[in-house]
There are 2 protein chains.
Amino acid sequence: MSDEAFQREFAAAKERSVSHALLKAGRLVDELGVARARARLGAPLRRAHTRLFPYVDLEGTRLSELARRVGISKQAVGVLVDELVEMGALERRPDPEDGRARRVHFATGPRSVLDGLSVLAGIEADLERALGAPGMRQLQRQLTRALATLEALAEHSQSDGHS
Amino acid sequence: MSDEAFQREFAAAKERSVSHALLKAGRLVDELGVARARARLGAPLRRAHTRLFPYVDLEGTRLSELARRVGISKQAVGVLVDELVEMGALERRPDPEDGRARRVHFATGPRSVLDGLSVLAGIEADLERALGAPGMRQLQRQLTRALATLEALAEHSQSDGHS
DNA sequence: TAAAATAGTCAAGCATGATTTACTAAATGA
DNA sequence: TCATTTAGTAAATCATGCTTGACTATTTTA
């Protein structure tokens, strides 16, 4: 294969690459979401914080469990939760079933998750405007399936290094 | 709205959220890609490194230009490029048109981008197996459109803070 | 041709995100 | 009941990823 042919092929592959698109889209949503949430809440929200949200159950989640899910130490999670409580996004309530434990909840106050949700919803709306409802549905469906696949792969590669 | 109703609605919204799916998928591809590449190359590749790749042109790219594209200082990029050169993934060649400048290229040696590409291609293949060719096409098309939208939004929010 | 701009390097410093070690308090269980 | 495990906190420490400021070597331009 000639050098030029290789280069054209490579460039084309990069264009078409779904992995690459996923990488970039993920980062953009992340940055955009944090920027908007920060502006709206007036709080020093960082990516490290938003990373926790998907793992907080609505019934509340213990710190250790949260740490296990996110994959970092409970001490590290503890600091982040402290900051989120300070910002008014989360709350700590005693665990009724275990006197040692406390559960991390979404806060219900005025600058609670609702504001955070409205930020995500805003990005969502922007996207839907651009893609149209059918496009949005397609994206949603395939993404869900892709996510399941990726999660399975990630699970796998924790034990055996890689495929 | 009752507390329980709110909670159900919230959980459902989280499930359906495309933004959330994009966030998670992006992170998973990122981690998976870095893990596989690291295992294959036997090099201490980090996310900061892989972030550069999409911005390196095949004709070679100047450091300053690369920094501008990535959005960080040229000094920071310089360190990362040094490390990638050390790993054998990139090369520096003098710029024929400017004696001050050098261009960053993908290396052509044995542990070059080709290996890196094969990693991305591997993830790609895993995804395609799971989604099927039509699903993959749908995902690719909608992602490309979503990406354009997100990039426009990101561009915008740099100037005016947020929407 | 002298002055200003540009490409890149070097080094110091800083915030972030995490780990490790050490501890307290409550629960479990032999 | 006493020993062990578990939930959480506290503090020191570390690598990472980045910025800022200062400098050299070229190129551009006035």
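First the proteins, then the strands, lettered A, B, ... as listed; each starts at 1. Values below: all heavy atoms of this structure, side chains included; hydrogens, waters and symmetry mates excluded.
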Checklist line | Results of side chain to side chain donor-acceptor pair (under 3.5 Å) for A:Arg103 - residues two or more places apart only | finding: A:Asp95

Checklist line | Contacts of type side-chain contact (heavy atoms from CB on, under 4.5 Å), residue B:Leu23, not counting sequence neighbours | finding: A:Val29, A:Asp30

Next item on the list: For A:Gly99 and for A:Arg51, locate the closest nucleotide of DNA chain C by heavy-atom distance; then report the residue assigned to the nucleotide nearer the 5' terminus.
Entry: A:Arg51

Notebook entry, point to check: What is the distance from CZ of A:Arg46 to C1' of D:dC18, rounded to the nearest Å?
Noted result: 14 Å

Checklist line | Difference in axis direction between the ends of the helix from C:dT1-D:dA30 to C:dA30-D:dT1, five pairs, 10° | finding: 10°

Notebook entry, point to check: Which part of the nucleic acid, if any, lies within contact of A:Ser73, taking any heavy atom under 4.0 Å across all strands shown: a base, the sugar-phosphate backbone alone, or nothing?
Noted result: base

Margin query: Counting the atoms with a prime plus P, OP1 and OP2 as sugar-phosphate, which does A:Arg68 contact under 4.0 Å by heavy atoms, base, sugar-phosphate, or nothing?
Written below: nothing

Checklist line | side chain to side chain donor-acceptor pair (under 3.5 Å) involving B:Arg137 - partner list, sequence neighbours excluded | finding: none

Next item on the list: State which residues pass side chain to side chain donor-acceptor pair (under 3.5 Å) with A:Arg38; sequence neighbours excluded, sorted by chain then number.
Entry: none

Margin query: I'd like to check the side-chain contact (heavy atoms from CB on, under 4.5 Å) partners of B:Glu83; sequence neighbours left out, ordered by chain and number.
Written below: B:Arg46, B:His49, B:Val79, B:Leu80, B:Met87

Check: What is the nucleic acid contact for B:Asp95, judged by heavy atoms within less than 4.0 Å: base, sugar-phosphate only, or nothing?
Finding: nothing

Next item on the list: Write down the distance between CD1 (A:Ile72) and P (D:dT16), rounded to a whole number of angstrom.
Entry: 17 Å

Note to self: Please enumerate all residues that pass side-chain contact (heavy atoms from CB on, under 4.5 Å) together with B:Glu86, with sequence neighbours excluded.
What the structure shows: none

Next item on the list: Quick one: label A:Ala101 by what it contacts on the DNA or RNA (base, sugar-phosphate, nothing), any heavy atom closer than 4.0 Å.
Entry: sugar-phosphate

Margin query: Need one value for B:Gly78: base, sugar-phosphate or nothing, where a base atom within 4.0 Å counts as base even if backbone is also close, heavy atoms only.
Written below: nothing

Margin query: What is the separation between atom CD on B:Glu97 and atom P on D:dT26, rounded to the nearest whole Å?
Written below: 17 Å

Checklist line | Residues that B:Lys74 engages under salt bridge (charged side-chain N to carboxylate O under 4.0 Å, His left out), provided they are two or more places apart | finding: none

Next item on the list: Measure from the side-chain N and O atoms of A:Glu124 to the backbone N and O of B:Ser19, and report whether any donor-acceptor pair falls under 3.5 Å.
Entry: yes

Note to self: In this structure, how many angstroms lie between the C1' atom of D:dT27 and the CZ atom of B:Arg62, rounded?
What the structure shows: 10 Å

Notebook entry, point to check: Base, sugar-phosphate alone, or nothing: which one does B:Arg103 contact when heavy atoms must sit under 4.0 Å apart?
Noted result: nothing

Margin query: Just the rounded figure in Å: distance from C1' of D:dG17 to CD of A:Glu31.
Written below: 14 Å

For a quick test of your reading: what N or O donor-acceptor pairs under 3.5 Å do the side chains of residues 63-73 of chain A make, sequence neighbours left out?
{"unit_1": "A:Glu65", "atom_1": "OE1", "unit_2": "A:Arg68", "atom_2": "NE", "d": "3.3"}
{"unit_1": "A:Glu65", "atom_1": "OE2", "unit_2": "A:Arg68", "atom_2": "NH2", "d": "2.9"}
{"unit_1": "A:Glu65", "atom_1": "OE2", "unit_2": "A:Arg69", "atom_2": "NE", "d": "2.8"}
{"unit_1": "A:Glu65", "atom_1": "OE2", "unit_2": "A:Arg69", "atom_2": "NH2", "d": "3.4"}
{"unit_1": "A:Arg69", "atom_1": "NH1", "unit_2": "A:Tyr55", "atom_2": "O", "d": "2.8"}
{"unit_1": "A:Arg69", "atom_1": "NH1", "unit_2": "A:Asp57", "atom_2": "OD1", "d": "3.3"}
{"unit_1": "A:Arg69", "atom_1": "NH1", "unit_2": "A:Asp57", "atom_2": "OD2", "d": "3.1"}
{"unit_1": "A:Arg69", "atom_1": "NH2", "unit_2": "A:Asp57", "atom_2": "OD2", "d": "3.0"}
{"unit_1": "A:Ser73", "atom_1": "OG", "unit_2": "A:Ala76", "atom_2": "N", "d": "3.3"}

Checklist line | Close side-chain approach of A:Arg92 to A:Val81, heavy-atom, < 4.5 Å | finding: yes

Note to self: Under 4.0 Å from a heavy atom of chain A: give me the 5'-most and 3'-most nucleotides of DNA chain C that qualify.
What the structure shows: C:dT16 to C:dA27

Checklist line | Set of residues satisfying side-chain contact (heavy atoms from CB on, under 4.5 Å) with respect to A:Ala25, sequence neighbours excluded | finding: B:Leu22, B:Leu143, B:Leu147, B:Leu150

Margin query: I want to check something: taking the side chain as every heavy atom from C-beta on, are A:Arg27 and A:Arg47 in contact at a cut-off of under 4.5 Å?
Written below: yes

Checklist line | Protein-nucleotide distance (B:Leu80, atom CG; D:dA15, atom P), rounded to Å | finding: 17 Å

Using the 3.5 Å cut-off, write out each protein N or O paired with an N or O of nucleotides 22-25 of chain D and the distance between them.
none

Check: Roughly how many Å is it from CG in A:Leu63 to C1' in D:dT6, rounded to a whole number?
Finding: 13 Å

Notebook entry, point to check: So what does A:Ala48 touch, heavy atoms closer than 4.0 Å: a base, only the sugar-phosphate, or nothing?
Noted result: sugar-phosphate

